[in-house]
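Here is the naming used below: chain letters follow the sequence lines, and residue numbers restart at 1 for every chain.
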Amino acid sequence: MERFAALLDALVYTTSRNAKLRLLADYLRETPDPDRGWALAALTDGLDFPAVKASTVRGLMQERVDPVLWTLSRDFVGDTAETASLLWPEPPVPADVTPPPTVAEAVAQLAAMTRASAPGELAAMFDRLDSSGRYALIKLATGAMRAGVSARLAKTAFAQAFDVSVEQVEEYWHALAPPYAELFAWAAHGQEPPDTASMPLFRPFMLAHPLEETVVDLTDYAAEWKWDGIRVQLAHVGGETRAYSRSGDDISATFPEMIAALQVPCVVDGELLVRGSHQGGEEGGAASFNALQQRLGRKTVSKAMLADYPAFVRLYDVLMLDGTDLREMRWTERRLRLEALMARLPASHFDISQVLEADTFDALATIREGARDEAIEGLMLKRRDSPYIAGRRVGLWYKWKRDPLLVDCVLMYAQRGSGKRSSFYSDYTFGCWDGDPDAGAELLPVGKAYSGFTDEELKRIDRHVRQHTTNRFGPVRETDRSLVFEVAFDSVHTSKRHKSGLAMRFPRIHRVRWDKPVHEADRIETLKALIKD
Amino acid sequence: MAAAFSWIRPEPHGIHIVPADAWIDPARPVPRALVTHGHADHARGGHGQTIATPETLAIMDLRYNTREGTQPVAYGETIRLAGGVEATFIPAGHVLGSAQILLEHAGERVVITGDYKRRHDPTCVAFEVTPCDVFITEATFGLPLFRHPPITGELAKIHQRLAAEPDRCVLVGAYALGKAQRVIAELRDMGYHDPIWLHGAMERMCRLYQGWGVDLGDLRLVADAKKDELRGQVVVCPPGALGDRWSRRLPDPVTAMASGWMRVRQRARQRGVELPLVISDHADWDELTATVQEVNPAETWITHGREEALLRWHQLNQRKARALALVGYEDEDD
Ligand SMILES: [Zn+2]
Ligand SMILES: [Zn+2]
C-alpha cells in the first residue's frame with residue numbers, strides 16, 4: 001500500500017505526460033503480482049466496492065471529529081478523502097504494530113465488506129496507515145482517483161514497462177478482469193497471450209496518417225469519405241453485442257439501439273452518426289457533429305433522445321465475420337465481405353461508406369473541394385492490399401481533411417503551460433470583435449488554443465505576453481489585446497456556454513500575425529456566418 | 001475602576017497600548033512601534049520609533065533602511081514604556097530575532113506571540129512559555145488538518161530525488177526570511193556539505209544570518225554557475241521565482257516548495273509544485289492548542305489566520321477566546 005500511495009502522490013504532482021508514464025512504468029515493473037494488477041485497475045476506474053461510499057467515510061469522521069471542525073477543514077481542503085486522511089486521529093503508537101495492508105489485501109477486504117461491517121473494518125485499516133496511505137485507501141475504495149491517468153495512458157505505460165505493443169495490450173486488457181494475471185504473465189514473463197477470439201472484445205482500431213504533401217496512385221489506393229461522427233467498433237461475439245469508442249471505452253449503454261440492431265456474429269468498424277434533417281442536413285442523411293454531441297457521454301438514454309437523435313453506423317470495414325478473423329486479409333477482400341454483409345444488417349441502423357470513383361488524383365481533389373455535406377470531414381485513402389493493422393502504419397491509410405477554416409482573432413488571455421512549458425505562457429484565449437472596432441466594439445472570447453506554433457514563436461509570444469500584461473489572475477495573465485493570431489479550426493457551432501454564443505472545433509494557431517493591426521481582426525458575425533448546425 | 005485589559009486595545013491596524021501610546025506590529029506608520037519580527041506583514045518602515053530585538057532591527061534595516069529612532073531590546077530584557085507599562089521581549093522560535101512581547105500594567109499580564117513555532121530551529125532561539133492573563137496568538141495554521149511532519153523526513157525527499165534523477169537539480173521555493181535559512185541550516189545539520197545555490201534575492205538575508213552566527217555552509221549564486229555545475233545540486237529561490245523565466249537557466253529543475261500549505265495536495269498543484277515539502281515556521285494545530293493549554297491564560301485573543309476553528313476549539317474546551325479583526329496580515333508563504 002505504501003508504494004501505491006507514493007505512486008498516487010507522485011502522479012498528482014506530475015504534470016508532464018512523459019514523467020507520468022515513467023512513474024507508472026516503474027511501478028508496474030517493480031511491484032509484485034497481484035498488487036500491480038489491482039493498482040492498475042484502481043487507476044483506470046476498474047474497481048467498485050458497493051459497501052464503501054464517501055458517506056461511509058464521512059460517517060466515520062463524524063464520530064471522531066467535531067462537526068464544525070470537520071466542515072471548516074473540508075471546506076479548506078475541498079476533497080472529502082483528503083480531509084479524512086489528514087484529520088484521522090492516529091493511535092498513539094499502538095502496542096501491536098500490524099503492518100499496513102498490501103493493495104491486494106486491501107482489495108480483498110474491501111470486496112468482502114458489508115454496509116454494516118464497513119465502518120469498523122475501514123477504521124481498523126486507517127489505524128495501520130499514514131495519511132498518504134489513508135488517502136490512497138479511500139480513493140481505492142470510493143473511486144474517483146483524480147490522478148490524471150486515463151486508460152490510454154495506463155496502457156501506454158504498461159507497454160513501455162514491458163516493451164510490448166500497446167495495441168496488443170489494449171486487446172488483451174479488455175479480455176481480462178483485474179488483477180490481469182494473464183496480462184502480466186504474458187508481458188512480464190513471456191507466457192502465451194490470452195485467447196480472445198470468442199469474446200466480444202475491443203479490437204484496437206487501424207488509424208490513418210495525414211496525407212499532407214503525399215500524392216498517391218489511385219490504382220493502389222481506394223478513396224472514401226471521412227465522416228464527421230465518432231469512430232465506433234461494434235462487436236457481436238458469443239451472443240453478446242458491445243460498442244466501443246476509439247479509445248476502447250465501452251459505450252454500449254449510450255447507444256442501446258445499436259446494440260439491439262446488431263445480431264450477426266461479426267466485428268465491424270464504422271462511423272457513428274445521428275440522422276438529421278432537423279439539424280439542416282438532408283432527410284435521412286447524417287446531421288452535423290453538434291447533433292451527435294447531444295447523444296454522447298450519457299449513461300442512460302431517454303425515449304425522446306432516441307427519437308430525436310436516432311443513431312446509425314456507416315460502415316468502413318469488417319474485422320471478424322462468422323467466427324473468422326479477417327484482419328490479415330487485404331482491404332479489397334474485406335470490402336467484398338463487408339458489402340455482402342450489408343444484406344444481413346438492418347438498413348435502419350447500418351449503411352456502408354461508399355467508395356469514391358475517381359480516375360486521377362486531381363479528379364479526387366476536385367471531389368474533395370466540392371464536398372458540401374457537413375457530415376464530411378474529408379477523405380480517406382486506403383491501400384487496397386492493406387491488412388487491418390492496429391495503430392498508425394506509414395503508407396497504408398491516409399486521411400485528407402478538408403482545408404481548415406481560418407479567422408483572425410486577438411489574443412486576450414494567456415495561461416502558463418505545464419511540464420516543459422511551465423515557465424511559458426503557452427495557452428491562449430482569443431476573441432473577435434462584437435461590432436465595428438473603430439466605433440467602440442468589444443472583444444468577446446471565441447476559443448482557446450495551445451498548439452500550432454513553433455518553439456521560437458512560443459518564446460516570442462511569451463515575451464509579448466509578459467510585456468503586455470494588464471492584469472493577473474493566478475496563472476493567467478490578461479494582455480492589452482495587441483496581438484493577432486490567424487486561427488485555424490474545423491468547424492464552428494452555437495454554444496450557450498460562451499458569451500460569444502460560439503464554440504470552435506479543434507482551434508489551433510495557424511500563423512502569428514505580428515504585422516496585423518488588431519482592428520483588422522475578424523468580427524463575431526464572420527464566425528456566425530460559418531455556423532452550420 | 002477601569003474594565004480589565006482596557007489599556008490594551010485591538011484596532012484594525014494593530015494592537016494599541018493606550019497608556020504608552022505605542023503599537024504592536026502596526027500596519028501603518030505610528031510614532032512608536034514594538035515589532036515582533038521582521039516579516040513584512042509585521043514589520044513596516046516609517047515609524048517614529050521602532051522597538052525590537054537587535055536581530056529584527058538588523059533585518060528591518062536591510063529591508064527598509066530603518067536606522068533612525070531604533071531601540072534594541074535583548075531577549076529577556078524589560079523596558080519601561082510611558083504610562084506605567086513594561087515590555088519584555090521573549091523568544092518566539094519563528095525566525096531569527098522573532099519575539100513574543102510580554103506587556104505588564106496594573107498587575108495584568110498580556111503576551112503577544114507575533115508568529116511562533118515550537119519545533120527546533122537551528123537558526124533561532126526556541127519559544128518560551130510565558131504565563132499570562134491574556135494570550136494574543138496567531139492562528140496561521142489553525143485547522144486540525146495541519147500537522148507539520150518532522151523536517152528531517154521532508155528534507156530527505158530532496159536527497160532521494162537527487163539520487164533518483166542526478167541530471168536534474170532540485171529548486172526549493174522558500175520564503176526569503178527565515179524559511180530559506182532554516183532549510184539550508186537543517187540540510188547542513190543532516191550532513192549535506194555540497195554548495196547550496198542561491199537566487200540573487202536570497203543572498204543578502206543569508207549573509208545577514210551568517211553575520212549573526214548561523215552556520216549556512218558554502219553558499220553560491222546561481223548567477224555565477226554554469227548550467228552543468230547545477231546538476232544534482234540544491235538551488236533555493238523565493239517562492240515567486242518558481243516557474244519564472246529565471247528558472248530557465250537551471251538544468252531541468254524539480255520544482256519543490258517548502259511551506260506548511262504543502263500539506264494539502266491541491267495547494268501544491270495550484271503552484272505547479274512537483275515536490276511538496278511540508279515545512280513551516282508557524283505553529284501547527286497541535287502546537288497551537290498545546291501552547292494555549294501550557295500558557296493557560298484567562299483569555300485568548302486570536303490575531304490572524306484561520307481563527308474560526310481555533311475559536312471553536314476554545315469553545316469545546318470551555319476556554320474564553322475572541323478573534324481580533326486585524327487588517328494587513330497575510331498568509332505568508334510559510
Ligand atoms: Zn512571520
Ligand atoms: Zn504573520
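When heavy atoms are compared at a cutoff of 4.5 Å, Pro276(B) approaches chain A solely by way of its side chain, counted from C-beta outward. With a threshold of 4.5 angstrom between heavy atoms, Leu145(B) approaches chain A through its backbone and through its side chain. In this structure, chain B has a heavy atom under 4.5 Å from the side chain of Tyr135(A), while its backbone stays farther away. Contacts between Ser132(A) and chain B at a heavy-atom distance below 4.5 Å involve backbone atoms as well as side-chain atoms. Neither the backbone nor the side chain of Asp79(A) comes within contact range of chain B; no heavy atom of the residue lies under 4.5 Å from a heavy atom of that chain. Heavy-atom distances place no part of Trp70(A) under 4.5 Å from chain B, backbone and side chain included. With a 4.5 Å cut-off on non-hydrogen atoms, Arg263(B) touches chain A through its backbone and its side chain both. Contact of Arg312(B) with chain A is made through the side chain alone, with heavy-atom distances under 4.5 Å. Proximity to chain A is absent for every atom of Trp246(B), based on heavy atoms less than 4.5 angstrom apart. Val264(B) touches chain A through backbone and side chain together, each having a heavy atom under 4.5 Å away.
Most heavy-atom pairs under 4.5 Å with chain A: of the set Gln270(B), Glu308(B), Arg265(B), this distinction falls to Arg265(B). In terms of non-hydrogen atom pairs under 4.5 Å with chain B, the most contact-rich of Asp9(A), Thr71(A), Thr83(A), Thr14(A) is Asp9(A). Ranking Arg147(B), Gln266(B), Arg245(B), Arg269(B) against chain A, the residue ahead of the rest is Arg245(B), based on heavy-atom pairs under 4.5 Å.
The ring-ring contact (aromatic ring centres under 6.0 Å, His included) test with Tyr428(A) singles out one residue from Phe453(A), Tyr450(A), Tyr413(A), and that residue is Phe453(A).
Counting only distance, with no hydrogens or angles, the side chain of Thr113(B) and the backbone of Asp115(B) share no donor-acceptor pair below 3.5 Å.
Judged purely by distance below 3.5 Å, without hydrogens or angles, the side chains of His282(B) and His148(B) never pair a donor atom with an acceptor atom. Remark: the Ser423(A) side chain and the Arg416(A) side chain contain no N/O donor-acceptor pair separated by less than 3.5 Å.
Comment: Glu165(B) engages Arg161(B) in a salt bridge, judged by a side-chain N to carboxylate O separation of less than 4.0 angstrom. We find that Asp284(B) and Arg119(B) are joined by a salt bridge, their nearest charged nitrogen and carboxylate oxygen being less than 4.0 Å apart. Between Arg22(A) and Asp26(A), none of the side-chain N atoms (NZ, or NE/NH1/NH2) sits under 4.0 Å from a carboxylate O, so this pair counts as no salt bridge.
Using cut-offs of 30° and 60° for the angle between ring planes, the His464(A) and His468(A) rings count as parallel. The aromatic rings of His39(B) and His94(B) stand perpendicular to each other, their planes meeting at an angle above 60°, with 30° marking the opposite boundary.
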